[in-house]
Amino acid sequence: MRMSQLFSQTLREAPAEAEVISHRLLLRAGFIRQLAAGIFTSMPLARRSLNKIENIIRDEMNAIGGQEMTMPVVHPADIWKETQRWYQIGSEMGRFKDKNNRDMVLAMTHEEVVADLVRKEVRSYRHLPRLIYHIQTKWRDDPRPRAGLIRVREFTMKDSYTLDADWEGLDFQYRNHYQAYFNIFNRCNLPVIAVKSDVGMMGGKMAHEYMYLTPIGEDTLLLCDKCGYSANRQIALLKKEAPPEEKMLPVEKIATPDCKTIIDLANLLDVPESKTAKAVFMMATIPEGMETVEKFVFAVVRGDMEVNETKLANAVKAKELRPATEEEILAVGAEPGYASPVGLKGALVVVDDLIPQSPNLVAGANEEGYHLRNVNYGRDYTADIVTDLVSAQEGNICVRCGGKYREVRGVEVGNIFKLGTRYSDSMGCTYLDKDGQEKPVIMGSYGIGSGRCLACVAEEHNDELGLKWPISVAPFQVHLVVLPGKNDQKAVQTADQMFVNLSQAGIEVLYDDREESPGVKFNDADLIGLPLRITVSDRMVKQKSVEFKLRNSDEKETIAEGDAITKVKSEITRLEAEIKNKVVEVPFKD
RNA sequence: CGGGGCGUGGCUCAGUCCGGCUAGAGCACUCGGUUCGGGUCCGAGAGGUCGGCGGUUCAAAUCCGCCCGCCCCGACCA
């Protein structure tokens, strides 16, 4: 490709709205342009890199038996109503009506379409197992798109779906994906870890997320360096140490004016925060058949811990949770700042499982300015649900080995889900097994965002001059720069010829044939960040030589003109081998 | 959805507080010349409904109201 013909330009300055490095560099280097919040165009450079990423994905999916297909972006709402997700998912779903006033959905994912296909195509155990996938546009009207390509509303995802006759089959395909995903990210030279995760709106049994660790990430992860346990904070378990046993003391009402926070309370009474009970009020939207009901949820955790909203939502099977308003709190007989589980009416009480083991806590009195001492679960109040409700944090004890957790941030670049029969049941996907028995098809679903992957690679590989693409993801392999000098076409002729020769040798070349000064050309080359650079200058062609440079190194090497192709080829081979070495077996961790 | 910020030519920004002549600068773009290994230099040009609508005023980029868009923090999120 001649740069004089390329449909995009580099920018000397990044647009003001770009903050994170990948966003700034992808804009400046001319890879992407924004159309609206969370909606981007992939320019030719980005498209080429995305093609490389997607081809790596294809390669790895095909290697585990995947069959590529394409499913529609626009769906009739009917199938989403069948699985209830039409009702369960809120404003994040893109909905519109067609000309006949029929409800339509913009695909957020494709379980419904797959399930519809399965019930029509799969009749017999002979049709199983299968692995199908596509690379297709998704629309999720995210409330807050941000950070360039990291979090967008329209995006492209590879999503694959496994169809199995039994749970062992699902297990096998799940593990195949587990490894294939590591292969994919390693081949993109993107370091990731797999963590256990919440099943969220997908429903299902087990899920892992593939996380690229970076401070700009939006997910908080807990890692145990001792045993390797890793999980998204949303579901991370932790070891809670039960306090020493105490005799239950009689409840005692005490005046605690202006004492609305746990810290105030602990200070005033001179007790540790772990001797208090913290109350959190939420309104939960809970699906009941086709309808939803709003319930007031009163959650209780120990004062030294935080409520985990994902765990709470899962405990009460809520589709949505929001903080309750003051009026709603008063309506159930609680007092904001002085709330207590003792003597509540009409609330769903959910208590962390450490609370019943923690005797003689200080809790609110449901009366402004008063708390109760020596409140004990079982004697003074009971809960509708007792379960793990708290968020794991830096320094907490590992649930597996007793080590200490470390907290890091990450971007989710992929995920794998064991769906089980959630969709098969609601959409009637059954097959006949060998005994003629009708059984549900067991499904799995697996996603990778290709644009997000590109952004993460850009986020990982850059320096103060610009991008530094791994050879496997670079839009071109070689940046060919010509510096013509004055009144002499010799360099241009040599470079033109080299462009032809390299291209004919199957090498992908971006040829900067523009009439620009050397400084501009070098800076653009560094900004765009192709792994190899060849400079053909007036000065050097006189000695029949050219300059070779790696983006990743400051060294410049003078080589004979005639050796250029050999040199480029061997360097590409070397860089590709480096990447290949990163592809290794990863032990499965559940 | 809550909090904050911003919106002036393709990009970065000044001007807005305190209303007043043809609305400015740098970069990018076009033309001419110059330079030629790290964002050359000189000259000439083209390009703007000052986000939109309404109001106040002799006069609005500037003041007031409503709306829209974009960014950041939070809530949310396969």
Could you work out the separation of [N] and [M] based on their [atom1] atoms and round it to a whole Å?
N	M	atom1	answer
B:C73	B:A23	C1'	35 Å
B:G24	B:A46	P	13 Å
B:U62	B:G51	P	8 Å
B:C76	B:C53	P	39 Å
B:C31	B:G20	P	39 Å
B:C63	B:A44	P	35 Å
B:C72	B:G15	P	24 Å
B:C13	B:A75	C1'	33 Å

Mark yes or no for a side-chain to base donor-acceptor pair under 3.5 Å between [X] and [N], with no hydrogen or angle criteria applied.
X	N	answer
A:Arg151	B:C76	yes
A:Ser537	B:G37	yes
A:Arg144	B:G2	no
A:Asp524	B:G39	yes
A:Arg533	B:G38	yes

Euclidean distance, atom [atom1] of residue [X] to atom [atom2] of [N] [Å, nearest integer]:
X	N	atom1	atom2	answer
A:Glu515	B:G39	CD	P	19 Å
A:Asp538	B:U35	CG	P	14 Å
A:Gln543	B:G37	CD	P	13 Å

With both distances under 3.5 Å as the test, what is the Watson-Crick or G-U wobble partner of [N]?
N	result
B:G26	B:C11
B:U35	none
B:G65	B:C53
B:C17	none
B:C70	B:G5

Pick the nucleotide of RNA chain B nearest each of A:Arg539 and A:Met282; which residue has the one closer to the 5' end?
->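 Closest to the 5' end, via its nearest nucleotide, is A:Arg539.
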Using the closest heavy atom to pick a nucleotide of RNA chain B for each, name whichever of A:Pro143 or A:Leu527 lands nearer the 5' end.
->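 Taking each residue's closest nucleotide, the earlier one in sequence belongs to A:Leu527.
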Can you see if the side chain of [X] gets near the phosphate of [N] - specifically, an N or O under 4.0 Å from OP1 or OP2?
X	N	result
A:Arg12	B:G39	no
A:Arg146	B:C73	yes
A:Thr535	B:G37	no

By the 4.0 Å heavy-atom rule, please label [X] as base, sugar-phosphate, or nothing.
X	answer
A:Arg28	base
A:Tyr446	nothing
A:Ala147	sugar-phosphate
A:Gln34	sugar-phosphate
A:Gln9	nothing

Do [X] side-chain atoms and [Y] backbone N/O form a donor-acceptor pair below 3.5 Å?
X	Y	value
A:Asn308	A:Gln234	yes
A:Arg233	A:Leu221	no
A:Asn523	A:Asp526	no
A:Glu209	A:Met211	no

Flag yes if more than 12 heavy atoms outside A:Glu68 fall under 6.0 Å of its CD atom; otherwise flag no.
->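 Enclosed.
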Please say which of A:Tyr174, A:Tyr181, A:Phe182 ends up in a ring-ring contact (aromatic ring centres under 6.0 Å, His included) with A:Tyr178.
->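 Among A:Tyr174, A:Tyr181, A:Phe182, the one meeting ring-ring contact (aromatic ring centres under 6.0 Å, His included) with A:Tyr178 is A:Phe182.
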Is A:Glu547 salt-bridged to A:Arg533, cutoff N-O under 4.0 Å?
->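 Result for this pair is yes, salt bridge flagged.
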Pairing of A:Glu19 and A:Arg146 as salt bridge, 4.0 angstrom limit =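 Not counted as a salt bridge, because no side-chain N and carboxylate O are separated by less than 4.0 Å.
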Looking at A:Phe588, does the NZ or CZ of A:Arg175 lie under 6.0 angstrom from its six-membered ring centre and within 45 degrees of the ring axis?
->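 Satisfied, under 6.0 Å and within 45°.
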So, do A:Leu483 and A:Asp538 sit near enough that their side-chain heavy atoms are less than 4.5 Å apart?
->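 They are not in side-chain contact.
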For RNA chain B, which residues in residues 215-223 of chain A have a heavy atom at a distance below 4.0 Å?
->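 Listed by number, there are none.
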